[in-house]
Every structure is written in C-alpha cells, then in structure tokens.
2 protein chains.
Amino acid sequence: MQELAAVGYGRLSIEAVARRAGVSKTAVYRRWRSKLELVLEIVSAAAGQRFPLPDTGDLRGDLEMLFLIMTRALGHPLAAQIIPDLLAEAARNPQIAQTLQGALRSNQRDIGGQLIGRAIARGELGPDTDVDVAVDLIVGPLYWRLAVARAPLAVEDLPRLAAAVAAALEVACLPSVPDEPDVRLSGVVPMADSGGS
Amino acid sequence: MQELAAVGYGRLSIEAVARRAGVSKTAVYRRWRSKLELVLEIVSAAAGQRFPLPDTGDLRGDLEMLFLIMTRALGHPLAAQIIPDLLAEAARNPQIAQTLQGALRSNQRDIGGQLIGRAIARGELGPDTDVDVAVDLIVGPLYWRLAVARAPLAVEDLPRLAAAVAAALEVACLPSVPDEPDVRLSGVVPMADSGGS
DNA sequence: CAGCGACGGTACGGTTGCGTCCCGACGTGT
DNA sequence: ACACGTCGGGACGCAACCGTACCGTCGCTG
C-alpha cells in the first residue's frame, strides 16, 4: 500500500513492490498473478470492513458521527492518496471499478441507507428520500474537502457541517421545487421570495 | 488529452502521445521538454479559462446556473477522466498541484466568492460566511456525483440540488451551532426565513 | 542557384519492468 | 543418510520507453 500511495496505480510495478517488501519478484508472483490481482486483494481487505454506525438519536448527531469517522479515515495519508487514485483508475479499469463498487460504495450506500432510514423513521426526513442524492449531499462535501482540496478540517467544524448537510437533506427530500420557471437565462428576476414551500 | 484520459498521467508516455498525434517524438520534444511540461500546458490552457457567472437574482438561481455549467463541464468524458486523475496525481507532484491550484481551484474560489458575495449582499447569507466551507458544500456533492460515483444526473434534478445546497449554505453561515441540547432542526422544516440576521 | 537555418524523422544506447527458468536452502519422511 | 517437495532468489530474454545524435527536406534569402 505504501508503494501504491507513493507512485499510484499507473506506475505501480511488481518489482518496486518486491523491492520495498524486501523479497524477490518470484515471491510476489507466487501469490498474485498480476498487479491487478494484488491491488484488488489489498483494496478488498482494507476497504471491505463493514462497521455499524451508532445511533445517536437524531440526524445531525448521526451525520456528525459519520463525519468524524470519515475524517479519521481520509485523514490517513495512505488512504487520502490511494482512494482518489483508485477512483480515477476505476474509470479505466472495470475490474477495479467493480471491486471498489463492492467495497467502498456499497458500504457507503449501506451506511447512508441506515442513516437516512433512521431519519425517515424519526420523521426528520420525508419518506421518499432519494438515497443516491442523499449520499451525494452527505459524502460529497467532506470528500471534496479532505481528498480533493486536501485542506485540513478541524473537528470543531464538524457540527456546523453536519447541521448544514442536515438542512440540505431536509430540503432535498421535499417532494418538488415548484417555482423557478425557465427564466434563469434571462437575467434579473424580481426575486419574489427565496422559500416558497 | 485523449491519450492522457486513456492511460492516465502515470502511464502517459511521450512516445504514445507522438504516435497518437501522428508525429515523431522529436517533434514533441522540440515543444515540451518533459511530459510534465506538456501536461501542465494543456491543463492550463483547458482549465484556465475564466468565465463570469451570470447573476440570476437569487442564490438558488445562481447555484442552479453554476451546477448547469459544472454538469456540462464534467459531462465531457475527457474532463471526467482527466480531472480526477490529475487531482490524484497532484498529491504526489507539487508542480501539478500548483498548476491545478492556479487553474481550477482559484477559479472555483473566485466563482464561489462571487456567488457568495452576491448572496451576502442580498441578505440571503450571513456576512461572515466561510468561503472555504461554502465551496465545499457547493462543489462537493456535484463533483462526487459526476466525477467519483460517475452516476448520471438529469438536468431536472438540478433545481432540487440547488435548493438543498442553498439550505445548507444558509445553515452553515449561522454564527454558531449550539449542539446537543436543542432539537430545533429535528422536526421543523426551516423554510421560513431566507436571511440569517 | 547556392547557402542557411528551422523542422521533422529514424536510429541508437540506456534504463526499467515484465514474466519465466533454474538453482540452492530448508524441512520432512523413509 | 538420502530422496522429495516447497519456497525464495538471481538471472535471463523480451518489450516499452526515454532522451539524444544524426540526417534529409523544405523554404527563404542573397
């Protein structure tokens, strides 16, 4: 994993892995037939761990807890380096895409489903919330911040972020957004209101 | 750019570029001294274009417009392939990081600053909004959706997303979020106000 | 037309990585 | 002690790529 983080999947070579591990290529080839298999295995092993998300009692608390976990996970330099790399590679390599799908995203959908399911049961969200959109709103900002922009995020900012995302989720699960006809390209709108329900 | 999208930065070779372009390596080496210079130049050329974001009159409209532009940009298969790749590579290569910083992120901060500045001027957001957090909330979900999860996003979903993000921004710019004891976000749908103060 | 400078292409040595072959080391059973 | 199977390591042939040296071509200019 260190080698993968250091040079990326594209430049990863069996020789370098063996070198870094202090063994010879043969030892590596005896266990994995190709670098794809090797990477798929360590990714599955590392990212496939499912963990339960504790129920804190309300949506904001759950979000804050999830953000804390994500911050810790993406705070690891190895993860912050490897995950975006593999996600980019997944667009090229269906095998990697499938493995990541099975390891990361289904896990996220799982947790997102739990989180949203609880919120719906509590009445915090509408019953017909789109899980996909909800996952986008939940993991998008934090992923962008930590993995893409690579800016640090203080733990004391998490409550604010959780509150903001909770508000977004509440709005996103409303049945429809009625106003805004097709005048968005025509310039100034007299700004009737910002919150017509 | 096609070669870059096809094999990624790590595996990009001058020979392959020359082959795909139908010229010889020498012709390439005469113009760029290394593959890094080549990539930096095409990235600057492609992503450095600044464009003004039209003022639609309210925050949600501005967001929707921005989302429409981003959807188009990230909808290009080349961009959707190259941008995550380079962002992952930027974590390894300071030169790429710096160029991307100058091209993509400062642009985003610029646009985000415009958008938020207008919203503050309109009274839709509080005056001490953190631009960084706001940018996270704005671009995070859409980037995740289009570039990471690579799921399609229908244009008719943009208004809903814009409304959700606007709600998140309104909450995020509140001065402070007193956590645990109160549950005011739990059941209430906070559509009543459009301005913080 | 001759000379000149810019340009593009081919060919070359050197490096790196791949995948495989063969050999020695080690532990085990007879 | 000896045969045997397993394991790891060094070495090999092969292919891709790097960066450069050399050479032919083209267009301009005197």
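Chain identifiers are assigned alphabetically (A, B, ...) following the order of the sequence lines, protein sequences preceding nucleic acid strands; residue numbering begins at 1 within each chain.
- In this structure, A:Asp85 contributes its side chain and B:Glu89 its backbone to no donor-acceptor pair below 3.5 Å.
- For the pair A:Glu3 CD and C:dT16 P, the interatomic distance rounds to 14 Å; values are reported in whole Å.
- Closest to the B:Glu15 side chain, of the nucleotides D:dC18, C:dG19, C:dG9, is D:dC18.
- Here the side chain of B:Ser24 is nearest to one of C:dT10, D:dG9, D:dC17, namely C:dT10.
- Atom OH in B:Tyr29 sits roughly 18 Å away from atom C1' in C:dC7 (whole-Å rounding).
- Atom CD in B:Glu37 sits about 14 Å away from atom C1' in D:dG19, given to the nearest Å.
- For the pair A:Arg118 and A:Asp55, the salt-bridge criterion is met [side-chain N within less than 4.0 Å of a carboxylate O].
- Two residues, B:Gly22 and A:Leu12, neighbour DNA chain C, and the one matched to the more 5' nucleotide by heavy-atom proximity is B:Gly22.
- Counting only distance, with no hydrogens or angles, the side chain of A:Thr56 and the backbone of A:Asp62 share a donor-acceptor pair below 3.5 Å.
- When distances are taken from the side chain of B:Ser13 to each of C:dG9, D:dG10, D:dC18, the shortest belongs to D:dC18.
- If you take CD1 of B:Ile14 and P of D:dA16, they are 18 Å apart, rounded to a whole angstrom.
- Considering only the side chain of B:Lys25, D:dC18 comes nearest among D:dG9, C:dG17, D:dC18.
- Phosphate proximity of D:dC7 to A:Arg31: absent, as no side-chain N or O sits under 4.0 Å from OP1 or OP2.
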Trace of the side-chain contact (heavy atoms from CB on, under 4.5 Å) decision for B:Asn93 with B:Tyr9: CA-CA 11 Å; B:Asn93 194 318; B:Tyr9 179 82; 4.1 Å; yes
Under the side-chain contact (heavy atoms from CB on, under 4.5 Å) rule, what do A:Val39 and A:Leu86 come out as? Steps first, then yes or no, please. CA-CA 9 Å; A:Val39 170; A:Leu86 287 183; 4.1 Å; yes
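- Atom pair B:Trp32:CH2 and D:dG19:P shows a separation of 15 Å (rounding to whole Å applied).
- If you check D:dC18, C:dG9, C:dC18 against the side chain of B:Thr26, the one that comes closest is C:dG9.
- Residue A:Arg11 is out of contact with every strand shown, counting any heavy-atom pair closer than 4.0 Å.
- Along DNA chain C, the nucleotide nearest A:Arg30 and the nucleotide nearest A:Arg19 are compared for position; the residue whose nucleotide lies closer to the 5' end is A:Arg19.
- Nucleic acid contact for B:Arg33: none, since no nucleic acid atom lies under 4.0 Å from a heavy atom of the residue.
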